[in-house]
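I have a structure here, written as structure tokens, and I will follow up with some questions on it.
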Amino acid sequence: MMDNLSSFRHILVIEDQKARRIVALEEASYSVGRESTNDIVIYEQVVSRRHATIVRVRLSPRLDTYSYRIIDGDLEGNRSTNGLLINGKLQQSHNLKHGDVVIFGPKAKVSYYIISTALDIDLFNPLDPEQFEVGEETVMETMIADDNNNSTLINEESLQARDRNDLIRLASFPELSPNPIIEIDFTGNLTYLNPAARIKFQSIEQEKLKHPILAGLLSELHNIQGNLLLREVVIGSEIFEQYVHYLSEHQLIRSYLFDITARKQAEKRLEYRAFYDTLTDLPNRNYFDENLEIALVKAKNNNNLMAVVFLDLDCFKNINDSLGHKVGDQLLKSFAQRLSSCVRNNDIISRWGGDEFTVLLPQINSPEDTINLAQRILEDLKQPFEVAGHQLYVKTSIGIAIYPQDGEDGETLLKNADAALYRAKERGRNHYRFYSSTMTSKASLLLKLENLLYQALEEESLSLHYQPQLNLTNNKVSGMEALLRWYHPEFGNVSPLKLITLAEKTDLIIPISLWVLKTACLQNKAWQKRGFSPIPIAVNLSPKQFQQPNLVDIVAQVLEDTALEPHLLDLEITETAMMQNIDSSRETLQNLRELGVQVSLDDFGTGYSSLGYLQKFPVTTLKIDQSFIQTLQANSGNTAIISAIIALGQSFDLRVIAEGVETLQQLELLQGLNCREIQGFWFSRPLKPTDATTLLSQV
């Protein structure tokens with residue numbers, strides 16, 4: 001624990017397109033951004049003008065200890081464009097800890113360190129020889145040794161030339177340090193190697209100033225004498241952080257070296273996860289968006305044309321459904337490789353999501369350049385893909401938007417290219433299409449609905465209906481599922497499928513999902529206050545919502561805000577969403593279960609994982625997909641499947657709920673299979689809150 005404000009120093013190591021430099025944090029607050037007026041300037045084009053604010057916070061009102069907190073944007077609530085990626089997670093604010101890495105863009109990051117001023121080897125304060133009570137004879141015995149004892153002193157002449165304070169400084173710590181420490185004099189002669197340096201850099205005495213650790217140090221002598229130089233040195237597969245002190249008083253150049261290979265590899269992995277798609281190795285949407293903005297600036301300045309191309313695989317869902325997602329994933333990888341071979345070196349391809357891809361052509365001479373690209377892609381796809389023993393013929397639809405005629409900003413260009421893609425599909429697929437302002441296709445309708453959905457969220461005109469789940473053993477309501485509904489005066493009741501699909505295509509799915517979660521929890525709490533028996537409320541998680549890195553924190557906050565007990569919240573996720581990233585999904589589900597929340601596997605039986613992966617995920621409920629129920633007959637094959645699912649669920653001590661039960665015959669067959677819970681129109685359609693309340697009061 002720190003005793004006072006000066007016991008530790010808070011250090012930022014900044015790496016951007018201009019340089020690598022150190023900033024010692026001492027003030028109460030700092031502004032961080034691209035503009036030169038900021039306290040800390042980050043030289044990277046994608047960084048916002050005022051990207052972040054760093055403020056000092058006290059750890060306890062009773063102590064003089066403190067730390068720093070980084071906040072996205074400024075203190076007036078204005079957020080940055082790209083956000084803060086801290087240790088691989090997007091965050092709005094964060095209390096900085098030693099070793100934290102903040103990524104501002106592909107070529108801009110900041111590392112944070114807390115360094116004690118009391119350490120014997122302090123990179124920012126040289127040692128005070130008077131603090132050591134060491135006699136000269138003891139020092140001599142310590143420093144002089146023969147070759148058998150691995151002496152690290154270069155020669156006896158250099159020892160004789162040193163004064164008592166210099167010897168004390170050498171004996172105080174370097175011999176024991178696990179990190180290499182090296183000294184040369186101002187003429188370039190090696191004067192000292194500690195044991196760690198001798199072991200790590202065995203050729204340094206032969207190579208001398210040609211060795212990467214020493215190369216270039218003398219050339220900086222007159223520029224930064226008396227100051228600290230920080231640089232990275234790469235030797236083979238290892239990377240070292242080298243702190244170089246130019247000590248004028250002793251006519252020495254002292255280097256402290258730290259192996260940062262593992263840290264650099266971790267940073268590369270974090271950067272890769274932030275800006276690349278792990279399946280195809282293509283840039284992801286974040287990378288594409290940033291480079292699109294850069295290309296737009298250049299196009300405006302140079303008055304040149306550029307293009308955005310949107311494309312997806314036709315009928316890709318059929319391949320997933322018939323051959324499985326593993327084959328589908330391999331096809332996407334092969335498609336990405338073939339697509340990459342069709343573009344120019346400076347063009348950028350990204351995996352936009354699912355089977356959708358985007359191509360950025362930062363400079364074109366005319367729209368015909370995009371026609372040539374589209375024709376190359378369509379021609380290349382005539383050759384089948386060989387995947388897992390299958391010969392697959394794949395077609396694609398392509399939409400094209402040209403800057404500036406089809407839009408002067410990135411969002412408009414992407415929307416218009418997407419609209420052109422839908423128009424290409426309407427022509428029979430495997431076509432390309434330019435955007436036209438006169439389009440009246442489905443894409444135009446979706447664009448209008450998207451704007452109306454924004455208004456619906458702001459005006460709170462969305463609603464929830466609740467469909468009860470019935471326990472067949474006691475004929476009591478065993479739970480409620482919250483279902484999103486939207487009524488619009490012009491379009492009437494927008495179908496749930498279209499509503500969810502539309503929300504998924506935009507960033508609205510996140511705030512809508514949060515609203516659904518809060519509203520459902522509040523409704524459940526209201527039923528309890530009316531004296532109804534506590535039952536779980538089920539809320540569907542969209543794939544995009546499930547992939548949020550802070551999902552568990554969001555759920556915990558909603559439970560706290562609504563005062564709902566965790567076991568009365570049931571989060572539903574589909575097999576497909578769960579299997580997109582197995583390791584991440586398992587961790588998220590485990591954290592939700594530790595929170596006390598119930599987890600249902602929705603549409604069970606339709607995915608490719610089903611039985612094989614069930615035991616690996618901590619779910620509490622299986623919901624048999626309604627497609628099995630709707631075709632359920634006394635002698636149908638689905639009867640065996642449903643029976644197996646029910647038996648499987650009971651063997652794992654899970655709830656099993658049959659969805660989509662609409663007829664008495666289906667109910668009786670399910671009872672014969674020992675199904676204990678159902679949900680569907682036979683018992684009740686989704687109900688408005690008032691009607692659901694009435695139902696609960698009657699059963």
Side-chain angles (χ1 to χ4, degrees), residues 9-16 18-25 99 109-117 119-129 152-154 158 161-162 165-166 169-236 238-261 263-264 267:
R9 287 194 175 181
H10 302 259
I11 305 300
L12 291 184
V13 179
I14 302 170
E15 299 172 81
D16 55 23
K18 182 175 182 181
R20 177 182 172 88
R21 56 202 184 279
I22 293 175
V23 173
L25 300 180
K109 69 176 181 181
V110 170
S111 303
Y112 174 79
Y113 302 100
I114 303 175
I115 299 177
S116 172
T117 58
L119 287 176
D120 287 343
I121 180 170
D122 187 334
L123 301 182
F124 301 91
N125 286 319
L127 295 174
D128 181 4
T152 55
L153 201 62
I154 300 305
S158 61
R162 293 181 181 265
N165 287 345
D166 203 19
R169 174 183 56 78
L170 287 173
S172 61
F173 181 85
E175 294 292 308
L176 304 177
S177 173
N179 299 306
I181 302 175
I182 303 170
E183 284 188 353
I184 62 174
D185 60 25
F186 278 13
T187 62
N189 294 315
L190 268 168
T191 58
Y192 176 70
L193 294 171
N194 76 338
R198 178 178 287 273
I199 294 171
K200 178 62 70 173
F201 309 118
Q202 297 181 10
S203 64
I204 196 169
E205 292 184 62
Q206 289 72 40
E207 297 183 32
K208 297 182 179 179
L209 293 180
K210 294 181 180 180
H211 194 278
I213 294 298
L214 304 179
L217 294 184
L218 291 181
S219 63
E220 299 289 345
L221 179 61
H222 299 292
N223 296 328
I224 56 175
Q225 188 175 153
N227 292 322
L228 173 69
L229 171 68
L230 173 61
R231 67 179 187 175
E232 284 183 9
V233 180
V234 179
I235 302 178
E238 297 180 301
I239 306 173
F240 295 89
E241 199 165 55
Q242 183 177 12
Y243 293 80
V244 184
H245 291 262
Y246 289 83
L247 306 174
S248 302
E249 180 181 352
H250 300 287
Q251 295 288 293
L252 293 173
I253 303 174
R254 183 194 308 156
S255 293
Y256 301 105
L257 292 120
F258 301 89
D259 189 335
I260 60 171
T261 307
R263 192 188 83 193
K264 283 293 182 180
E267 290 174 358

Any Glu232 side-chain heavy atom under 4.5 Å of Ile260 side chain: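 Yes, side chains in contact.
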
To the nearest 0.5 Å, what is the distance between CD1 on Ile22 and CD1 on Ile11?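 The CD1 atom of Ile11 is 7.0 Å from CD1 of Ile22, to the nearest 0.5 Å.
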
Which residues pass the ring pair (Phe, Tyr, Trp, His ring centres under 6.0 Å) test with Tyr113, sequence neighbours left out?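 In terms of ring pair (Phe, Tyr, Trp, His ring centres under 6.0 Å), with neighbours along the sequence ignored, Tyr113 is linked to His98.
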
Quick one: are Ile235 and His211 in side-chain contact, heavy atoms under 4.5 Å?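 Yes, at least one pair of side-chain atoms sits under 4.5 Å.
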
Between Tyr192 and Arg254, is any pair of side-chain heavy atoms under 4.5 Å apart?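 Heavy-atom side-chain distance check fails, nothing below 4.5 Å.
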
Would you find a donor on one side and an acceptor on the other, under 3.5 Å apart, between the side chain of Asn194 and the backbone of Asn179?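 Here the side-chain-to-backbone pair exists.
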
Which heavy atom of Glu238 sits nearest to which heavy atom of Thr261, and what is that distance?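 Scanning both residues completely, I find the closest heavy atoms to be CA-OG1, 3.4 Å.
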
Would you mind reporting whether Ser255 and Leu217 have side-chain heavy atoms less than 4.5 Å apart?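 The answer is yes, as the side chains (C-beta and beyond) meet within the 4.5 Å cut-off.
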
Between Gln251 and Asp185, is there a side-chain heavy-atom distance shorter than 4.5 Å?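 In short, these two side chains do not touch, never coming nearer than 4.5 Å.
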
To the nearest 0.5 angstrom, please state how far the CG atom of Leu257 sits from the CD1 atom of Ile182.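 Answer for the CG-CD1 pair, Leu257 versus Ile182, is 5.5 Å.
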
Is the number of heavy atoms from other residues, nucleotides or ligands within 6.0 Å of CD (Glu249) greater than 12?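 No, not enclosed.
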
Could you check if a side-chain atom of Leu209 sits within less than 4.5 angstrom of a side-chain atom of Ile184, using non-hydrogen atoms only?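 They are in contact (side-chain heavy atoms under 4.5 Å apart), so the answer is yes.
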
Over all heavy atoms of both residues, which pair between Arg231 and Ala215 is shortest? Give the atoms and the distance, please.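 Looking at all heavy atoms of both residues, the shortest contact is NH1-O, 2.9 Å.
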
Heavy-atom pair of closest approach, residues Leu218 and Gly188: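 Residues Leu218 and Gly188, closest heavy atoms: CD1-CA, 3.8 Å.
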
Counting only N and O atoms by type, is there a donor-acceptor contact under 3.5 Å from the side chain of His245 to the main-chain atoms of Leu247?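 Not a single qualifying donor-acceptor pair exists.
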
Using 0.5 Å steps for rounding, measure from the CG atom of Leu230 to the CD atom of Gln242.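 Interatomic distance, Leu230 CG to Gln242 CD, rounded to 0.5 Å: 9.0 Å.
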
Rounded to the nearest 0.5 Å, how far apart are CZ of Phe240 and NZ of Lys264?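 Result: 13.5 Å between the selected atoms.
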
Out of curiosity, Gln206 CD to Leu190 CG, how far, rounded to the nearest 0.5 Å?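 Those atoms lie 10.0 Å apart.
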
Leu252 backbone acceptor or donor facing Glu183 side chain under 3.5 Å: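 Not at all, since once roles are kept as given, no pair shorter than 3.5 Å links the two residues.
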
